[in-house]
Protein chains: 2
Amino acid sequence: MKIMEVSEQYEISTDTLRYYERIGLIPPVNRNKSGIREYAAIDIQRIEFIKCMRSAGLPIEVLIEYIGLVQQGDQTIHARKEILKEQRKLLAARIKEMQKTLDLLDYKIAGYENAVLKKEKKSFK
Amino acid sequence: MKIMEVSEQYEISTDTLRYYERIGLIPPVNRNKSGIREYAAIDIQRIEFIKCMRSAGLPIEVLIEYIGLVQQGDQTIHARKEILKEQRKLLAARIKEMQKTLDLLDYKIAGYENAVLKKEKKSFK
DNA sequence: CCTTGACCTGGAGTCAACTCCAGGTGTTAG
DNA sequence: CTAACACCTGGAGTTGACTCCAGGTCAAGG
């Protein structure tokens, strides 16, 4: 798969894909004889993972660290688990915050529905 | 309430509080005779609201627009409701994404627990 | 052969949201 | 009276995560 196809399939710009590779978030993708990236299954897997994590706001730096540990093999399993657990905790907290905000929004929206109703009633008086 | 107290109570830096005022997110706070901000109940209410919305990632620009409409009085109720509904929709979508990521993290963490168990078993062979 | 189009690189630019700073003022404690 | 402090302002700097660009390579079609 060439970079453009990956970009379209996962809705990540080609610039961003190359950027991820530059900063070491994705290990170097293999190239064909003329230097063009050929994304293999393993690269796609990584991209899917990164897309998911990034969409939830996990920082790139943490992901770089995690993926670095993955590359280093089995002796890093414990450290990797700790990173994921930490991020899971932070993410759960953020979701809770957002849920609270969602509730407040619903409350306010309901208030406005009400205000509109009252206004309409008044105009019928 | 002076700026420092507000800052401590709501965990927002004094710089950020002044910044919010500068960009028009908070309407100008009244000052005492020597030019120092004296936050009134209404200001505090606004800050609480903003803190909640910002913690969920609502963009400052949208909040400025919303608060501007609030200042303009009742004829903007419909527009305000629409803004909140739009933001509610976006927020719900983000929460859903994050929930998916949370599930994936749980799945991966469980995988690592497993890996550790296997390793321990092996070492007892 | 030459143009077109997808790809390449390194580096600079952008954006949102702060955060920091220098230089200055007013109030209070010793 | 003066030193320490919390406050003020306008403007510059920072951070994270892209995004854009100039200038160049290469393969394929007309």
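Chain identifiers are assigned alphabetically (A, B, ...) following the order of the sequence lines, protein sequences preceding nucleic acid strands; residue numbering begins at 1 within each chain. Note: hydrogens, waters and symmetry copies are ignored here, and every other heavy atom, side chains too, is used.
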(message) Please classify the nucleic acid contact of A:Arg54 as base, sugar-phosphate, or nothing, using heavy-atom distances under 4.0 Å.
(response) sugar-phosphate

(request) Name the nucleic acid region contacted by A:Arg31, choosing base, sugar-phosphate or nothing; use a 4.0 angstrom heavy-atom cut-off, strictly under. (result) sugar-phosphate

(message) Please pick, from C:dC8, C:dT27, D:dT9, the nucleotide with the shortest atom-to-atom distance to any side-chain atom of B:Ser34.
(response) C:dT27

(message) How many whole angstroms separate atom CG of B:Leu17 from atom P of C:dA17?
(response) 16 Å

(message) Below the 4.0 Å mark, does C:dA17 have OP1 or OP2 next to a side-chain nitrogen or oxygen of B:Tyr20?
(response) no

(request) Starting at atom CD of B:Glu21, determine the distance to atom P of C:dC18, rounded to an integer number of angstrom. (result) 15 Å

(request) Could you state the atom-to-atom distance from CD1 of B:Ile50 to P of C:dC18 in whole Å? (result) 11 Å

(request) Would you tell me if any nitrogen or oxygen in the side chain of A:Arg37 comes within less than 4.0 Å of OP1 or OP2 on C:dC8? (result) yes

(message) If we check side chain to side chain contact (heavy atoms under 4.5 Å, CB included) with B:Arg88, which of these qualifies: A:Leu105, A:Thr101, A:Leu104?
(response) A:Leu105

(request) Evaluate ring pair (Phe, Tyr, Trp, His ring centres under 6.0 Å) for B:Tyr66 paired with B:Phe49, printing each intermediate quantity in order. (result) CA-CA 12 Å; B:Tyr66 176 77; B:Phe49 175 71; 5.7 Å; yes

(message) Given D:dC8, C:dA17, C:dT19, identify the nucleotide with an atom nearest to the side chain of B:Ile36.
(response) D:dC8

(request) Could you list the residues that satisfy side chain to side chain donor-acceptor pair (under 3.5 Å) with A:Glu38, not counting sequence neighbours? (result) none

(message) In this structure, how many angstroms lie between the P atom of C:dT28 and the CG atom of B:Asn32, rounded?
(response) 10 Å

(request) Quickly work out the B:Glu61 CD to C:dC18 C1' distance and round it to whole Å. (result) 15 Å

(message) Nearest heavy atom decides the nucleotide; on that basis, is A:Met4 or B:Arg22 closer to the 5' end of DNA chain C?
(response) A:Met4

(message) If the test is side chain to side chain contact (heavy atoms under 4.5 Å, CB included), which one of A:Ile67, A:Leu63, A:Ile47 qualifies with A:Ile26?
(response) A:Ile47

(request) Identify, between B:Leu58 and B:Asp15, the residue whose nearest nucleotide on DNA chain C lies closer to the 5' end. (result) B:Leu58

(request) Give the rounded distance in Å between these two atoms: OH of B:Tyr39 and P of D:dC8. (result) 7 Å

(request) Please state how far atom OH in B:Tyr19 lies from atom P in D:dG11, giving the value in whole angstrom units. (result) 16 Å

(message) What's A:Ile23 touching, base or sugar-phosphate or nothing? Going by heavy atoms closer than 4.0 Å.
(response) nothing

(request) Starting from P on D:dA6, measure out to CD1 on B:Ile3 and report it in whole angstrom. (result) 13 Å

(request) Taking the six-membered ring for Trp and the single ring otherwise, decide whether the centroids of A:Tyr107 and A:Tyr112 are under 6.0 Å apart. (result) no

(message) With a 4.0 Å cutoff (strictly under), does any side-chain N or O of B:Thr14 reach OP1 or OP2 of D:dA6?
(response) no

